[in-house]
Amino acid sequence: MTVDVERMIAEIDLMKNATYIVKDGKIEIVPTPPTGYGKQIINWQGGKPCHGSLESAFKF
């Protein structure tokens, strides 16, 4: 991921499976579940993402 702060443009790799959060002009990648299975939960407040949680699952 490359970010041009002056122009407020980010370039991301579309071949990489990922979830991104853009908040107040900043982009962050949301961590993936370490096992490869699970879910990412993003809470919103006032129209902005405010908190995230990560739940991992084990595949049997």
Side-chain angles (χ1 to χ4, degrees):
M1 171 173 50
T2 59
V3 179
D4 182 344
V5 179
E6 197 171 291
R7 293 178 50 209
M8 297 300 289
I9 294 174
E11 184 177 316
I12 60 171
D13 181 0
L14 295 179
M15 296 305 293
K16 181 178 181 180
N17 294 325
T19 302
Y20 298 91
I21 292 178
V22 179
K23 179 180 175 183
D24 296 329
K26 296 177 184 163
I27 187 168
E28 293 180 33
I29 191 165
V30 178
T32 58
T35 62
Y37 297 91
K39 58 184 171 180
Q40 302 159 322
I41 301 168
I42 309 299
N43 297 317
W44 292 74
Q45 184 174 9
K48 295 181 182 182
C50 63
H51 177 74
S53 63
L54 184 63
E55 292 182 14
S56 257
F58 293 99
K59 185 176 180 182
F60 294 100

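Everything numeric here is computed off the predicted structure, so don't read it as measured data.
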Asker: Tell me whether the count of non-hydrogen atoms from other residues, nucleotides or ligands lying under 6.0 Å of CG in Asn17 goes above 12.
Answerer: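 Atom CG in Asn17 is not crowded, with 12 or fewer foreign heavy atoms closer than 6.0 Å.
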
Asker: Quick one: list whatever passes side chain to side chain donor-acceptor pair (under 3.5 Å) with Lys16, sequence neighbours left out.
Answerer: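 If we apply the side chain to side chain donor-acceptor pair (under 3.5 Å) test to Lys16, skipping adjacent residues, there are no hits.
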
Asker: Calculate, to the nearest 0.5 Å, the distance between atoms SG and CH2 belonging to Cys50 and Trp44 respectively.
Answerer: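 So the gap between those two atoms works out to 9.5 Å.
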
Asker: Hey, is NZ on Lys48 packed in by over 12 heavy atoms from elsewhere, all under 6.0 Å?
Answerer: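 Open.
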
Asker: Keeping Thr35 on the side-chain end and Ala57 on the backbone end, is there a donor-acceptor pair under 3.5 Å?
Answerer: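 Answer holds: yes.
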
Asker: Hey, could you give me the CD/OG1 distance between Glu11 and Thr2, rounded to the nearest 0.5 Å?
Answerer: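 So the gap between those two atoms works out to 4.0 Å.
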
Asker: Mind listing the closest non-hydrogen atom pair of Pro33 and Lys39 along with its distance?
Answerer: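 Shortest heavy-atom contact: CG-N, 4.2 Å.
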
Asker: In the hydrophobic cluster built from side-chain contacts under 4.5 Å, what are the other members alongside Met1?
Answerer: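 Val3, Val5, Ile12, Leu14, Tyr20, Val22, Ile27, Ile29, all in the cluster of Met1.
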
Asker: State which residues pass side chain to side chain donor-acceptor pair (under 3.5 Å) with Thr19; sequence neighbours excluded, sorted by chain then number.
Answerer: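 Partners of Thr19 by the side chain to side chain donor-acceptor pair (under 3.5 Å) criterion, ordered by chain and then number, come out as Gln40.
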
Asker: Taking atom OG of Ser53 and atom CD1 of Ile41, what is their separation to the nearest 0.5 Å?
Answerer: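 CD1 of Ile41 is found 4.0 Å from OG of Ser53.
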
Asker: In Å and rounded to the nearest 0.5 Å, what is the OG1 to CG distance from Thr32 to Leu54?
Answerer: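 Between atom OG1 of Thr32 and atom CG of Leu54 there are 7.5 Å.
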
